[in-house]
Structure formats: structure tokens, C-alpha cells
Asks: 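Would you mind keeping the following structure in view while I ask a few things?
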Amino acid sequence: MQALYIHNTLTRKKELFKPINPEVVGMYVCGPTLYSDVHIGNCRTFTSFDIMYRYLQHIGYKVRYVRNITDVGHLEDEVAGTGEDRIGKQARLKKLEPMEIVQRYAFGFREVMGLLNILPPSIEPLASGHIIEQIEMTQQIIAQGYAYVHEGNVYFDVEKFAQKHNYGILSGRNLEDQLNNTRDLDGQEEKRGRLDFALWKKAKPEHLMRWNSPWGEGFPGWHIECSAMSQKYLGQTFDIHGGGMDLIPTHHTNEIAQSVGCCTHAPVNYWIHTNMLTLNGQKMSRSLGNVFLPVELFTGMKLAANSPSATPSQALLAEKHPLFDKAYNPMVVRFFMMQTHYASTLDFSNDALQASEKGFNRLMESYNTLYKITPEKTSSFDIKKIQEDCYAAMNDDFNTPVLISHLFECARIINLVNDKKETLTEPDIDLLKKIYQNFIEGIMGITREEQSGKSAEALNGVMNLVLNLRKKAKDNKDYATSDEIRNKLQDAGIQIKDGKEGAAWAML
RNA sequence: GGUCCUGUGGCCGAGUGGCUAGGCUCAGCUCUGCAAAAGCUGCUACUGCGGUUCGAAUCCGCACGGGACCUCCA
């Protein structure tokens with residue numbers, strides 16, 4: 001087993017990863033709230049944890065990866081306790097059942113995850129399917145004395161909790177600072193303390209999603225579902241809990257409080273937080289309105305105002321997207337994301353994407369070349385060392401940018417060998433194939449585009465014919481014809497690449 | 001206002017106190033009927049000012065710039 005170091009938010013340090021059970025890892029990641037379409041910032045988080053999931057498995061762990069779907073109880077104004085359930089609001093506006101909204105966004109979410117080749121988690125629990133567990137946990141917290149009931153609502157008593165436990169252990173903030181940084185908020189009178197948060201909310205008459213509980217009809221608070229579901233599937237203490245770093249001060253802080261308040265011990269050993277995706281240096285978030293959608297990035301087009309859905313397979317597109325010069329393949333997007341470490345902000349721009357795309361294509365081209373090079377008796381490179389470097393990069397808190405730099409070193413070697421400027425033995429070539437398979441495909445999750453099927457075969461045949469005709473023209477020094485073929489194909493979206501051993505072609 | 005993070009070459013982006021990350025751009029070269037593509041080579045940067053140190057992009061202080069959180073957010 002590799003010695004893996006992970007940056008733990010709890011300690012703000014890189015720590016050697018030691019799972020509770022030596023062979024099994026329990027990992028929980030906060031998934032989406034299905035009140036609108038998943039945006040590209042969300043995708044970054046899930047991509048980052050996908051890499052970790054893949055790598056943990058690659059180095060030999062059995063991983064139970066739980067990523068929830070929140071489909072209830074998410075208030076628009078959690079602290080004030082006003083506002084209505086987001087999903088319920090969407091449903092009313094669109095005259096749909098709440099579960100219709102959830103179904104639609106869940107479908108779109110999974111499709112986007114699939115396009116980005118993000119593996120499905122082992123368990124994807126719905127909050128609405130775990131109301132009983134959430135009620136039971138709330139009861140336990142009340143029994144422990146850390147929650148109180150007020151007219152059908154149940155609130156967590158943060159100040160009482162803080163007398164015995166460190167409430168700000170994750171965020172590093174002390175309670176007094178948080179209490180003093182008060183802003184004027186409405187609807188606070190039901191709570192005893194400013195930082196108290198709802199475990200259970202009484203449903204107003206117009207509220208659509210409601211369940212019976214010991215405190216009357218209502219719905220669970222935002223934070224309790226993660227505590228209840230992680231405990232159910234991973235146990236009272238598990239190895240890794242992840243999410244976006246914007247969840248640290250409220251959601252994850254309250255999750256810890258709930259679990260400790262319920263069971264008296266810390267729920268998670270390693271907290272991992274991914275940084276935000278920015279657009280022109282500003283965080284992409286729904287509240288700022290600067291989000292763009294995966295389908296827009298993948299097509300280079302803007303979603304039509306009347307599109308019934310933003311799910312890539314169903315979206316109606318309008319004009320060219322002002323932010324992008326072109327469409328970007330989901331694999332390029334994945335690669336682009338991995339060129340930045342998960343804990344750094346990632347700034348989206350057309351220039352940066354294009355730079356990534358070129359590098360990506362070059363790397364993938366070297367993958368094809370790797371299968372064409374011929375072995376020699378000696379090697380002029382130390383391939384084993386590069387493999388070790390690749391593992392070292394991943395073991396150092398999943399450092400994918402450094403991993404990628406080593407892969408580009410491989411690409412350079414492959415090209416040099418292909419040019420007969422350097423040599424590799426057969427075992428070294430096989431080792432390179434293994435490195436590419438393991439790291440590019442297995443761990444980075446990048447799939448090679450393989451053209452197959454009847455139409456691809458037919459196109460191949462046609463192109464071979466065209467290239468032969470062009471070669472004949474060139475042999476006859478009929479450059480007018482050969483250039484015409486080249487230019488017309490270019491217009492049709494096919495690029496001719498003349499090489500030493502004949503011409504190749506590629507779709508633009 | 002409070003708490004915290006951050007500032008790297010034309011651009012993006014890694015960097016564990018000493019050993020030129022990497023990608024893109026650009027330049028030169030190879031290849032080529034021309035071009036494109038591809039490949040090779042080159043381009044030694046760390047916001048400013050102090051300090052610690054034999055030595056600092058890396059540690060400390062101050063200043064300035066950027067950002068996050070404190071309110072739903074991945």
C-alpha cells in the first residue's frame with residue numbers, strides 16, 4: 001500500500017492517511033441539492049473527489065463512497081428560518097410536483113457526471129428517503145440536551161454545545177467572534193442563540209414537502225441529512241468526509257456538532273475540502289448569477305431561454321456562447337481541472353481552456369504513438385523512476401498537476417523514441433503503457449476516443465480513398481488538385497496531416 | 001467591520017530553504033512542393049520593503065494588491 005498524505009482541514013496539515021480498517025475506506029461527499037441544474041463549479045468538486053475515489057481504489061483500498069442527493073429541507077434563508085423549501089418553491093412556480101423537479105435535475109446531474117466520466121458512488125442516498133433516520137437522530141440530540149423544541153421546530157443549541165465541545169474546530173473560528181459578528185437578521189426570535197440551527201422545521205400550510213414527526217408535520221433541517229445518512233452507511237466514525245470549502249463554516253461545522261451532540265464522538269477523521277471555481281477571478285455561484293452550465297461548455301453555445309431543460313441530451317441551444325470560442329470536449333474539461341490542484345482556486349477562461357486542450361491533444365497523441373514505437377536493446381531513460389514520480393505526486397495530497405507534468409515527460413520520451421533519437425527496451429515500453437493506462441485512464445479518468453461502428457468504418461474507407469487520390473495528384477505534381485482536396489476537407493472539418501509515411505487525418 | 005487564504009515568467013499553473021515543474025504562447029530548427037500538423041531546442045520568473053539564515057519563491061514582520069467566509073452555495 002502506498003503511503004498517502006492528505007491535507008486534513010481539521011488539523012490544517014498534511015497527514016499520513018490511516019484508515020480505521022486497514023483495507024477499507026469510508027468516504028462521504030456532500031452531493032448536490034436538486035433545486036436547479038448542476039453548474040460547472042459543482043462539477044469541479046465531484047471531479048476532484050472522483051480522482052480520490054479512483055486513486056484510493058487503485059492503491060488497493062476497498063472504498064465505500066457515499067454521495068448524497070439533497071431533495072428536501074433546504075431553506076433559502078436558513079439562519080433566519082424564513083423562506084420556503086427551495087424545491088417546493090420551484091415546484092410551485094413551475095406547477096410541478098416536488099419530486100418531478102427532483103427527478104428532472106437528478107437525471108441531468110447524472111448525465112453530466114457520466115459525460116465527465118465521474119464514477120457513480122457506491123451509495124447515492126436521497127434525503128427524502130431517510131426522514132426516519134433524521135428524526136431519530138434529532139431525538140437523540142434532544143435526549144443529550146443539545147436541542148430544544150419550540151412550536152413544532154427543533155433547534156440545535158450551539159452555545160450549550162460549545163460549553164463542552166469545540167464548536168469551531170473545523171473552521172478555526174472561536175465562538176465569541178462568531179456571536180459578535182452579528183448582522184441584523186429577521187425571524188430569529190424563535191431561537192435562543194444566534195448560531196442555533198434547525199434540525200426540524202414545522203411546515204407551513206403551503207409547504208408541499210412534509211412528514212409526520214413527534215413535533216408535528218414538518219421537514220428536516222438542512223444539515224441533519226448528511227449526519228444521519230453518513231452514520232447509517234459508514235458508521236459513527238468514518239475516514240473521509242469531503243465537500244466544497246464553502247461548506248466548512250456552516251454545513252460541516254454543524255454536521256460535526258450534530259454527530260458529537262448525538263453520539264459524543266467526532267464523526268470524521270479526515271476532512272477534505274476542494275476550492276472554488278472562479279470566473280474572471282470571482283467565485284461562481286448561483287447567488288452571484290455568474291454560473292454557466294456544463295452543456296454550454298460542451299457545446300460552446302448558450303442555452304436557449306425557452307429550453308425545457310439544461311440536461312445536455314435535452315437542451316435547446318441558442319446562439320454562440322459569449323465566453324467560449326468553441327465547444328470543449330468533457331475530457332478536455334476534466335484534464336483542465338486536473339491541471340490545478342483541488343485545494344487551489346481554478347479560474348475559468350477561454351485562453352486557459354484552449355491551452356489545456358492543446359496540451360491534452362498532444363498527450364493523447366503520444367498515447368497512440370506509444371503503440372507504434374519499436375523496442376531496442378537498451379533504454380536511454382529511467383522509466384521506473386518516472387512511475388515512482390507519478391505515485392509520489394498522487395501520494396502527496398493527490399497532486400494531479402505534478403502528475404501531469406510527469407506524464408508530459410513520458411510524452412516527450414515517446415516522441416523522441418519515435419523519432420529514433422533515443423531508445424527504449426520492450427519492458428520499458430510495456431511499463432510506459434502501464435503508466436498511461438493506470439494514470440491517464442484509471443486514475444485521471446480520461447477515456448480515449450475510439451471511433452467505432454459502421455459510420456466510422458465507412459468514413460475511414462472514404463478518407464483512405466481521398467488521401468490516395470491526393471497522393472496521386474501530388475506524385476504528378478498536380479498541386480492545384482492536392483491543395484483543393486486539402487482545403488475543401490478543411491472546410492468540411494477534416495484536417496490533413498502530411499507526414500513522412502503518408503498523410504493522416506483528424507476531425508477538427 | 002471580524003476571521004482566514006493568497007500574490008510565481010506574455011498567459012495558465014506546480015513548488016517539501018539550496019537541485020532550471022509542466023502546459024500554452026513566442027522564437028529558432030527538422031520535416032515539407034507550399035502550408036498546416038507533428039517533433040526537437042530555446043525563453044531561469046517568483047508584488048514591494050525589511051528581517052532570520054552560509055543560503056529564501058519557500059520562514060517571520062510590515063505595506064500594497066486579489067480572493068473566500070461571516071447569509072443559501074460545491
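Here the structure is a predicted model, which means the values were calculated and not measured. All chains are named by letter (A, B, ...) in the order of the sequence lines, taking the proteins before the strands, and each is independently numbered beginning at 1.
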Asks: Specify the residues of residues 382-404 of chain A, ordered by number, for which at least one heavy atom lies under 4.0 angstrom from an atom of RNA chain B.
Replies: Asn399(A), Pro401(A), Val402(A)
Asks: Counting only side-chain N and O atoms of Ser344(A), is one of them less than 4.0 Å from OP1 or OP2 of rA14(B)?
Replies: yes
Asks: Mind calculating the distance between CZ (Arg194(A)) and C1' (rG2(B)) to the nearest angstrom?
Replies: 11 Å
Asks: Taking the C1' atom in each of rG22(B) and rA45(B), what is the distance between them to the nearest angstrom?
Replies: 14 Å
Asks: Going by purine N1 to pyrimidine N3 plus the second Watson-Crick contact, or the G-U wobble pair, all under 3.5 Å, which nucleotide sits opposite rG33(B)?
Replies: none
Asks: Return the value, rounded to whole Å, for the distance between atom CG of Asp351(A) and atom P of rG23(B).
Replies: 18 Å
Asks: What contact category does Ile496(A) fall into here, base, sugar-phosphate, or nothing, at under 4.0 angstrom with non-hydrogen atoms?
Replies: base
Asks: Starting at atom CG of Asn368(A), determine the distance to atom P of rG39(B), rounded to an integer number of angstrom.
Replies: 12 Å
Asks: Counting side-chain heavy atoms from CB outward, which of rG23(B), rG33(B), rC12(B) is closest to Ala352(A)?
Replies: rC12(B)
Asks: Using a heavy-atom cut-off of 4.0 Å across all strands, would you classify Met245(A) as base, sugar-phosphate, or nothing?
Replies: sugar-phosphate
Asks: Which pairs count as salt bridge (Lys or Arg N to Asp or Glu O under 4.0 Å) when at least one residue sits in residues 359-369 of chain A, sequence neighbours excluded?
Replies: none
Asks: Just checking, Lys326(A) and Tyr328(A): is the charged tip under 6.0 Å from the six-membered ring centre and within 45° of the axis?
Replies: yes
Asks: Any strand counts, and the cut-off is 3.5 Å on both contacts for Watson-Crick or G-U wobble. Which nucleotide pairs with rG28(B)?
Replies: rC40(B)
Asks: If you take atom types as modelled and just measure distance, does the side chain of Ser482(A) reach the base of rG33(B) with a donor-acceptor pair under 3.5 Å?
Replies: yes
Asks: Base, sugar-phosphate or nothing for Tyr479(A)? Non-hydrogen atoms, less than 4.0 Å.
Replies: base
Asks: Taking the P atom in each of rC69(B) and rA74(B), what is the distance between them to the nearest angstrom?
Replies: 12 Å
Asks: Looking for any heavy atom pair under 4.0 Å, which part of the strands does Gly41(A) touch: base, sugar-phosphate only, or nothing?
Replies: base
Asks: So, applying ring-ring contact (aromatic ring centres under 6.0 Å, His included) with His252(A), which one of Tyr28(A), Trp271(A), Tyr167(A) is it?
Replies: Trp271(A)
Asks: Heavy-atom nearest nucleotide on RNA chain B for Gly243(A) versus Leu195(A): which residue maps closer to 5'?
Replies: Leu195(A)
Asks: Inspect the surroundings of OH in Tyr5(A) and state if more than 12 heavy atoms from other residues, nucleotides or ligands are less than 6.0 Å away.
Replies: no
Asks: Can a donor-acceptor pair under 3.5 Å be found between the side-chain atoms of Arg486(A) and the base atoms of rC34(B)?
Replies: yes
Asks: With both distances under 3.5 angstrom, what nucleotide forms a Watson-Crick or G-U wobble pair with rC64(B)?
Replies: rG7(B)
Asks: Would you mind reading off the distance between Asn254(A) atom CG and rC69(B) atom P, rounded to a whole angstrom?
Replies: 16 Å
Asks: Select base, sugar-phosphate, or nothing to describe what Asn415(A) touches, counting heavy atoms under 4.0 Å on all strands.
Replies: sugar-phosphate
Asks: Measuring only the C1' atom in each nucleotide, how far is rC12(B) from rG55(B)? A whole number of Å is fine.
Replies: 31 Å
Asks: What's the gap between rU25(B) and rG9(B) when it is taken at their C1' atoms, as a whole Å value?
Replies: 12 Å
Asks: For nucleotides rG65(B) and rU8(B), find the distance between their C1' atoms and express it as a whole number of Å.
Replies: 15 Å
Asks: Could you work out which one of rA35(B), rG13(B), rA74(B) sits closest to the side chain of Asp246(A)?
Replies: rA74(B)
Asks: Expressed in angstrom and rounded to an integer, what is the separation of Lys497(A) atom NZ from rA37(B) atom C1'?
Replies: 6 Å
Asks: Within the structure shown, what part of the strands sits under 4.0 Å from His341(A) by heavy-atom distance: base, sugar-phosphate, or nothing?
Replies: sugar-phosphate
Asks: OP1 or OP2 of rG33(B) versus the side-chain N and O atoms of Lys474(A): is any pair under 4.0 Å?
Replies: no
Asks: Please measure how far the C1' atom in rC43(B) lies from the corresponding atom in rG23(B), and state the result in whole Å.
Replies: 15 Å
Asks: For Phe17(A), which of Tyr55(A), Tyr270(A), Phe398(A) qualifies under ring-ring contact (aromatic ring centres under 6.0 Å, His included)?
Replies: Tyr270(A)
Asks: For Arg362(A) and rG23(B), is the shortest distance between a side-chain N/O and OP1 or OP2 below 4.0 Å?
Replies: yes
Asks: With respect to the phosphate group of rA38(B), does any side-chain polar atom (N or O) of Arg412(A) fall under 4.0 Å of OP1 or OP2?
Replies: no
Asks: Holding to side chain to side chain contact (heavy atoms under 4.5 Å, CB included), I want the full list of residues that pass it with Val466(A), two or more places apart in sequence or in another chain.
Replies: Val462(A), Ile485(A), Leu489(A)
Asks: Kindly check if the number of other-residue, nucleotide or ligand heavy atoms within 6.0 Å of NZ (Lys18(A)) is above 12?
Replies: no
Asks: Can you tell me how far C1' of rA35(B) sits from NZ of Lys488(A), to the nearest Å?
Replies: 17 Å
Asks: Kindly determine whether Met52(A) and Tyr342(A) satisfy side-chain contact (heavy atoms from CB on, under 4.5 Å), including the steps that lead there.
Replies: CA-CA 10 Å; Met52(A) 298 179 202; Tyr342(A) 75 83; 3.8 Å; yes
Asks: Regarding rA35(B), can its base be found pairing with the side chain of Asp498(A) as donor and acceptor, where the two atoms are less than 3.5 Å apart?
Replies: yes
Asks: Hunt down the Watson-Crick or G-U wobble partner of rA21(B), both distances under 3.5 Å, from any strand shown, or write none.
Replies: none
Asks: Name the pairing partner of rG55(B), where a pair is Watson-Crick or G-U wobble with both distances under 3.5 Å, or state none.
Replies: none
Asks: Look through every strand shown and name the nucleotide pairing with rC46(B) as Watson-Crick or G-U wobble, where both distances are under 3.5 Å.
Replies: none
Asks: Between Gln339(A) and Gln495(A), which is nearer to the 5' end of RNA chain B once each is assigned its nearest nucleotide?
Replies: Gln339(A)
Asks: Using side-chain heavy atoms (C-beta onward) and a distance below 4.5 Å, is Asn487(A) in contact with Glu484(A)?
Replies: no
Asks: NA contact type, Leu277(A), heavy-atom cut-off 4.0 Å: base, sugar-phosphate, or nothing?
Replies: base
Asks: Which of the following nucleotides, rG23(B), rA36(B), rG13(B), is nearest to the side chain of Thr340(A)?
Replies: rG13(B)
Asks: Decide whether a cation-pi geometry holds between Arg192(A) and Tyr155(A); the criteria are a distance under 6.0 Å from NZ or CZ to the six-membered ring centre and an angle within 45° of the ring axis.
Replies: no
Asks: Does Arg173(A) make a side-chain donor-acceptor contact with the base of rC70(B), cut-off 3.5 Å?
Replies: no
Asks: Please report the distance separating the C1' of rC46(B) from the corresponding atom of rC54(B), rounded so that it comes out in whole Å.
Replies: 22 Å
Asks: Considering only heavy atoms from C-beta outward, does the side chain of Tyr367(A) approach that of Leu407(A) to under 4.5 Å?
Replies: no
Asks: Determine the contact category for Lys358(A): base if any of its heavy atoms lies under 4.0 Å from a base atom, sugar-phosphate if only primed atoms, P, OP1 or OP2 are that close, otherwise nothing.
Replies: sugar-phosphate
Asks: Assess whether one donor atom and one acceptor atom, taken from the side chain of Asp483(A) and the base of rG33(B), lie less than 3.5 Å apart.
Replies: yes
Asks: Determine the interatomic distance between C1' on rC31(B) and the same-named atom on rC40(B); round to the nearest Å.
Replies: 11 Å
Asks: Has Phe46(A) got its ring stacked on rA74(B), by the test of a centre gap below 5.5 Å and a plane angle below 30°?
Replies: no
